[in-house]
Amino acid sequence: MTVVTVFGSTGAQGGSVARALLKEGFKVRALTRNPESENAKKLQKEGAEIVKCDDADPKEAIEKALKGSDSVFCVTNFWAYFQKELEYGLNIANAALAAGVKHFVFSGLAPCKKISGGRYDVPHFDLKHEIEEHLRKLSKENPSFVTSFVYAPFYMQNFKTFFAPKRTVNEVTHDVSYVLGMPSDPKMLPLDMGDIDDIGSIVAVMMKDPTKYSGKIIPFSGDCLRGEKIAEIMSKATGKKVVYNFIEPKEYAQFGFPGAAEMAQMFAYYNEFGAFDKLDKTEASKITKLTNLEEFLKKTNFQLE
């Protein structure tokens with residue numbers, strides 16, 4: 001039985017991958033900082049082996065956690081470690097090679113700075129790309145160490161958290177509506193988005209055929225929509241009036257919450273280049289059925305209070 005070790009197993013991406021691999025009959029070793037968390041206990045009940053390990057651990061500790069693994073799925077967490085993401089990602093890659101891992105699937109993102117000629121600075125994208133380049137270098141130097149890559153778009157789950165429509169009441173008519181405010185420019189490229197739960201099925205297929213996916217990037221997008229269309233789909237799903245409000249990225253950058261400036265840069269990049277620039281988005285839909293926005297809202301019982 002193939003043993004796959006999953007980093008970030010209690011998070012959105014890692015959790016989806018761990019569950020999909022278990023369903024496909026893989027032996028899953030789920031790494032987590034907190035083995036006592038509810039998500040870790042749930043994975044254990046579903047058949048995963050839970051191992052305490054953090055991205056920030058020394059190489060020797062990570063190598064030990066990976067011993068006996070045939071494959072690895074890794075997603076690194078910029079928002080937990082910021083600039084340290086690069087150091088930790090390189091460390092994990094080196095530990096995997098040293099542990100004898102044969103196939104390493106990394107959740108990467110586009111190199112915004114490189115594609116835009118330095119105009120957009122989005123560290124949580126660019127640092128991941130530096131990790132990807134290091135993994136490719138390791139593969140080139142060690143052909144038995146196969147690396148593959150999956151790129152996620154804007155999460156549809158964000159519409160339930162950071163980008164949930166906000167309730168407003170007209171002072172004159174007292175009519176209630178909901179405003180979806182985003183820095184996605186209606187005059188530029190539509191926004192690629194996906195249900196992050198779809199990543200598990202994609203990675204499970206990649207894990208079954210390392211040779212086929214060696215060196216490949218599989219980006220996925222369940223829908224590609226402009227703001228007005230997103231609002232229209234939300235209105236239809238909820239029976240409430242949702243209107244779209246475009247917020248200029250420069251204005252969004254001034255909102256003051258941690259990461260606002262970086263998110264603004266990300267959207268400015270999305271507006272001009274899209275999530276995946278020139279990469280082929282069709283491959284993922286041949287691998288698995290991707291969830292569109294309407295299906296996601298229905299599946300998650302999306303409501304506006």
Side-chain angles (χ1 to χ4, degrees), residues 8 11-14 55 75-86 88-89 107-132 150-168 178-197 199 219-231 234 242-277 279 293 296 302:
Q13 291 196 31
D55 291 9
V75 55
T76 50
N77 188 353
F78 174 82
W79 301 107
Y81 303 113
F82 297 98
Q83 296 294 333
K84 286 274 188 183
E85 178 185 22
L86 176 60
Y88 297 159
S107 180
L109 289 168
C112 300
K113 198 178 276 187
K114 184 178 173 185
I115 290 168
S116 69
R119 286 185 297 118
Y120 299 121
D121 183 18
V122 192
H124 79 277
F125 278 57
D126 292 312
L127 295 176
K128 285 182 179 65
H129 190 71
E130 287 190 57
I131 297 167
E132 176 182 329
V150 59
Y151 283 13
F154 177 87
Y155 294 11
M156 290 174 182
Q157 280 78 357
N158 290 332
F159 293 128
K160 304 187 90 171
T161 54
F162 308 112
F163 292 100
K166 295 193 167 44
R167 187 177 189 269
T168 60
Y178 294 81
V179 178
L180 173 64
M182 295 176 73
S184 184
D185 193 331
K187 295 188 180 76
M188 296 181 82
L189 291 177
L191 180 66
D192 276 301
M193 61 189 74
D195 176 357
I196 200 57
D197 281 346
I199 199 170
F220 73 95
S221 173
D223 237 331
C224 191
L225 305 167
R226 289 191 168 85
E228 292 90 341
K229 188 65 181 176
I230 299 168
M234 286 180 171
V242 181
V243 294
Y244 183 66
N245 176 41
F246 169 53
I247 304 164
E248 285 282 357
K250 283 179 185 174
E251 183 189 337
Y252 192 85
Q254 303 305 315
F255 278 11
F257 65 85
E262 176 156 351
M263 293 295 280
Q265 286 273 296
M266 180 188 81
F267 273 99
Y269 171 82
Y270 277 165
N271 290 336
E272 187 171 344
F273 296 98
F276 310 120
D277 192 33
L279 292 175
L293 182 59
F296 172 78
F302 183 81

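FYI, side chains are in, hydrogens and waters are out, and symmetry mates aren't considered; it's all heavy atoms of this structure.
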Q: Side-chain contact test, heavy atoms from C-beta onward, threshold under 4.5 Å: evaluate it for Tyr151 versus Lys128 and give yes or no.
A: no

Q) Is there side-chain contact between Ile131 and Glu85, with at least one heavy-atom pair below 4.5 Å? A) yes

Q. With no hydrogens and no angle check, is any side-chain donor or acceptor of Asp223 less than 3.5 Å from a backbone partner on Met193?
A. no

**Q.** Option passing side chain to side chain donor-acceptor pair (under 3.5 Å) with Tyr120 (candidates Lys113, Lys114, Glu272)
**A.** Glu272

Q) Is any side-chain heavy atom of Tyr270 closer than 4.5 Å to a side-chain heavy atom of Pro183? A) no

Q.
Run the side chain to side chain contact (heavy atoms under 4.5 Å, CB included) test on Phe246 and Lys187 for me, step by step, so that the C-alpha distance in whole Å, both residues' side-chain angles and the decisive distance to 0.1 Å come before the verdict.
A. CA-CA 10 Å; Phe246 169 53; Lys187 295 188 180 76; over 6 Å; no

Q: Working to the nearest 0.5 Å, report the span between CZ of Arg226 and OH of Tyr244.
A: 11.0 Å

(Q) Give me the atom names and distance for the closest heavy-atom approach of Gln83 to Pro123. (A) NE2-CB, 3.9 Å

Q) So do Cys224 and Asp192 actually touch side chain to side chain, heavy atoms under 4.5 Å? A) yes

Q.
Walk me through whether Leu191 and Met182 qualify under side chain to side chain contact (heavy atoms under 4.5 Å, CB included).
A. CA-CA 11 Å; Leu191 180 66; Met182 295 176 73; 3.7 Å; yes

(Q) For Tyr252 and Phe163, take the angle between the two ring planes, folded into 0 to 90°, and tell me which bin it lands in: parallel under 30, tilted 30 to 60, perpendicular over 60. (A) parallel

Q: Search all heavy atoms of Asp55 against all heavy atoms of Val75 and return the closest pair with its distance.
A: OD2-O, 4.2 Å

Q) Under the side chain to side chain contact (heavy atoms under 4.5 Å, CB included) criterion, do Ile115 and Phe276 qualify, and how do the steps go? A) CA-CA 10 Å; Ile115 290 168; Phe276 310 120; over 6 Å; no

Q. Nearest heavy-atom pair of Gly227 and Leu180: which atoms, and what distance?
A. O-CD2, 4.4 Å

(Q) Testing the basics here: between Ala231 and Val243, what is the closest heavy-atom pair and its distance to 0.1 Å? (A) CB-C, 4.1 Å

Q: First locate atom CG of Leu109, then atom CE of Met266, and finally report the distance between them rounded to the nearest 0.5 Å.
A: 9.5 Å

(Q) To check you understand the geometry: which heavy-atom pair defines the closest contact between Ala275 and Ala110, and what is its length? (A) O-CB, 3.7 Å

Q.
Using 0.5 Å steps for rounding, measure from the OG atom of Ser116 to the CG atom of Asp126.
A. 8.0 Å

Q. Which atom names give the shortest non-hydrogen contact between Asn271 and Pro249, and what distance separates them?
A. ND2-CG, 4.0 Å

Q) Would you call Glu262 and Val122 a side-chain contact if the rule is heavy atoms closer than 4.5 Å? A) yes

Q) Counting heavy atoms not belonging to Phe255, are there more than 12 under 6.0 Å from its CZ? A) yes

Q | Heavy-atom side-chain proximity of Phe220 to Ile196 below 4.5 angstrom | A | yes

(Q) Within the structure provided, determine whether Asp277 and Tyr269 are in side-chain contact (heavy-atom separation under 4.5 Å). (A) yes

**Q.** Residues that Tyr88 engages under side chain to side chain donor-acceptor pair (under 3.5 Å), provided they are two or more places apart
**A.** none

**Q.** Gap between atom CZ of Phe159 and atom CD1 of Ile230 - 0.5 Å precision
**A.** 4.0 Å

Q) Which value, rounded to the nearest 0.5 Å, describes the distance between Glu248 atom CD and Phe267 atom CZ? A) 13.5 Å

Q: Could you list the residues that satisfy ring-ring contact (aromatic ring centres under 6.0 Å, His included) with Phe302, not counting sequence neighbours?
A: none

Q) Is atom NZ of Lys160 surrounded by more than 12 heavy atoms (other residues, nucleotides or ligands) closer than 6.0 Å? A) yes

Q) With under 30° as parallel and over 60° as perpendicular, where do the rings of Trp79 and His124 fit, or are they tilted in between? A) tilted

Q: Say whether, by atom type as modelled, one donor and one acceptor occur between the side chain of Gln265 and the main chain of Asp121 under 3.5 angstrom.
A: yes

(Q) With rounding to the nearest 0.5 angstrom, report the CG to CZ distance, Leu225 to Phe154. (A) 11.0 Å

